[in-house]
K.L.:
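Supplied in structure tokens, the structure appears directly below.
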Amino acid sequence: MVHANRTIGAELGGVAVEGSGVAGLRGRLARHALLPLRLFLGATFLYAGIDKLLDHAFLAASGAGSIGETLRQVHDAAALPQLVDLAQQSPVGFGYAIAAGELAVGLGTLVGLLGRLAALGGALISLSLWLTVSWATTPYYYGNDLAYLMAWVPLVLAGTPRFSLDSAWAHRRRRHGTQLFG
């Protein structure tokens, strides 16, 4: 017969019990495992959005370094040239939309506001860039958009459970109860 107090600080069936030494530290670290990924992706997408908005050459319909020129260059090699055709109808508007999307995704991910939705937005942006701009990259692992797409998946699944507005609001709702009125 095992007394309950003898199991405190032990590991039972591969599951760490609260208060255990090394397993407790591993558990605390595991709970924060997505934070570096979230900070990297959030900062990267925020920077990408700002960079696009500040680059006047990028936000042009034609010319070196412009979104219009990029769309013309990737059209024939894209997996979905229909997406490129859609963007070519208004390349400057598309450039602003991508920049705004990257800003929203970056901010949402960094502060943890609607974390799963922000991550889904980041995944969709990465997917659309992979299927258009970096599709022809060979070998495929040289293209960064596929890697970004895969990096977003854990955040789509887990959201932003630590150090986020989402978790603060969830904690507040649990503490005060959810009220519909008043």
Side-chain angles (χ1 to χ4, degrees), residues 29-167 169:
L29 290 174
R31 285 190 294 276
H32 295 79
L34 291 178
L35 192 57
L37 184 62
R38 184 176 135 207
L39 293 174
F40 170 75
L41 290 171
T44 300
F45 269 59
L46 184 64
Y47 177 78
I50 292 170
D51 190 44
K52 284 176 179 64
L53 289 176
L54 296 178
D55 186 356
H56 297 292
F58 175 78
L59 292 172
S62 62
S66 70
I67 183 69
E69 184 60 31
T70 301
L71 292 170
R72 277 187 287 286
Q73 289 174 355
V74 302
H75 183 273
D76 294 334
L80 292 176
Q82 300 85 350
L83 288 177
V84 179
D85 291 338
L86 184 64
Q88 283 179 322
Q89 291 177 10
S90 177
V92 176
F94 178 74
Y96 277 109
I98 287 291
E102 288 173 339
L103 284 173
V105 164
L107 283 172
T109 302
L110 283 175
V111 301
L113 177 62
L114 303 173
R116 281 190 173 99
L117 183 61
L120 180 61
L124 291 174
I125 290 171
S126 297
L127 176 63
S128 66
L129 291 173
W130 177 55
L131 291 173
T132 55
V133 178
S134 62
W135 182 257
T137 303
T138 56
Y140 76 92
Y141 50 82
Y142 281 168
N144 62 354
D145 295 313
L146 180 58
Y148 277 108
L149 171 61
M150 292 298 110
W152 282 112
V153 171
L155 293 176
V156 170
L157 297 173
T160 53
R162 301 274 180 217
F163 306 113
S164 66
L165 291 175
D166 289 346
S167 67
W169 287 339

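Note that the numbering runs from 1 along the sequence shown for the chain.
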K.L.:
Do you know the tightest heavy-atom contact between Ser62 and Ser66?
P.N.:
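Where Ser62 meets Ser66 most closely, the heavy atoms are C-OG, 3.2 Å.
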K.L.:
Are Leu113 and Leu107 close enough that some pair of their side-chain heavy atoms sits under 4.5 Å apart?
P.N.:
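No, every pair of side-chain atoms sits at 4.5 Å or beyond.
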K.L.:
Got a sec, which residues hit side chain to side chain donor-acceptor pair (under 3.5 Å) with Ser164, two or more places apart in sequence or on another chain?
P.N.:
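Testing Ser164 for side chain to side chain donor-acceptor pair (under 3.5 Å), a comparison that skips the adjacent residues, returns Ser167.
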K.L.:
Can you list every salt bridge (charged side-chain N to carboxylate O under 4.0 Å, His left out) pair that touches residues 81-109, not counting sequence neighbours?
P.N.:
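Counting only pairs at least two positions apart or across chains, the salt bridge (charged side-chain N to carboxylate O under 4.0 Å, His left out) contacts touching residues 81-109 are Lys52-Glu102.
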K.L.:
If you define the side chain from C-beta out and look only at heavy atoms, does anything of Phe94 sit under 4.5 Å from Val84?
P.N.:
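No, their side chains stay 4.5 Å or more apart.
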K.L.:
Is there a side chain to side chain contact (heavy atoms under 4.5 Å, CB included) between Leu146 and Leu149 once you walk through the steps?
P.N.:
CA-CA 5 Å; Leu146 180 58; Leu149 171 61; 4.2 Å; yes
K.L.:
Working to the nearest 0.5 Å, report the span between CG of Leu46 and CG of Leu41.
P.N.:
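The CG atom of Leu46 sits 12.5 Å away from the CG atom of Leu41.
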K.L.:
Check Leu34 against Ala158 and note the closest heavy-atom contact, atom names and distance.
P.N.:
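Looking at all heavy atoms of both residues, the closest pair is CD1-CB, 3.4 Å.
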K.L.:
Got Phe45 and Tyr148 here, is their nearest side-chain heavy-atom distance under 4.5 Å?
P.N.:
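They are in contact (side-chain heavy atoms under 4.5 Å apart), so the answer is yes.
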K.L.:
Taking all atoms of both residues into account, what is the closest heavy-atom pair of Gly101 and Ile125, and its distance?
P.N.:
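Scanning both residues completely, I find the closest heavy atoms to be C-CD1, 3.8 Å.
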K.L.:
Nearest 0.5 Å please: distance from the CD1 atom of Ile50 over to the CG atom of Leu103.
P.N.:
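Atom-to-atom, Ile50:CD1 and Leu103:CG are 6.0 Å apart.
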K.L.:
Rounded to the nearest 0.5 Å, what separation is found between the CG atom of Leu131 and the OG atom of Ser126?
P.N.:
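Here the rounded value is 11.0 Å.
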K.L.:
Quick one: pull up OG1 in Thr132 and NE2 in His75 and give me the separation to the nearest 0.5 Å.
P.N.:
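Output value for this atom pair is 11.0 Å.
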K.L.:
Below 4.5 Å, heavy atoms only, C-beta onward: do Arg38 and Thr160 meet side chain to side chain?
P.N.:
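Side chain of Arg38 against side chain of Thr160, heavy atoms only: contact under 4.5 Å found.
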K.L.:
Does a side-chain heavy-atom distance below 4.5 Å link Pro91 with Arg72?
P.N.:
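Result no, sub-4.5 Å side-chain heavy-atom pair not found.
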K.L.:
If you compare all heavy atoms of Ala33 against all heavy atoms of Pro36, which two are closest, and at what distance to 0.1 Å?
P.N.:
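Closest approach of Ala33 to Pro36, heavy atoms only: O-CD, 3.3 Å.
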K.L.:
Evaluate the side chain to side chain contact (heavy atoms under 4.5 Å, CB included) criterion for residues Leu37 and Trp152: first the C-alpha distance (whole Å), next the side-chain angles of each, then the deciding distance (0.1 Å), finally the verdict.
P.N.:
CA-CA 9 Å; Leu37 184 62; Trp152 282 112; over 6 Å; no
K.L.:
Nearest 0.5 Å, what's the OG1-CZ distance between Thr109 and Phe40?
P.N.:
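Going from the OG1 atom of Thr109 to the CZ atom of Phe40 covers 12.0 Å.
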K.L.:
Would you call the rings of His32 and Phe163 parallel, tilted or perpendicular if under 30° counts as parallel and over 60° as perpendicular?
P.N.:
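Tilted.
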K.L.:
Just verifying a value: how many Å separate Leu59 CG and Ile98 CD1, rounded to the nearest 0.5 Å?
P.N.:
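It is 11.5 Å, given to the nearest 0.5 Å.
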K.L.:
Considering all heavy atoms of both residues, which atom of Ala77 and which atom of Trp135 are nearest to each other, and what is their separation?
P.N.:
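Where Ala77 meets Trp135 most closely, the heavy atoms are O-CD1, 3.2 Å.
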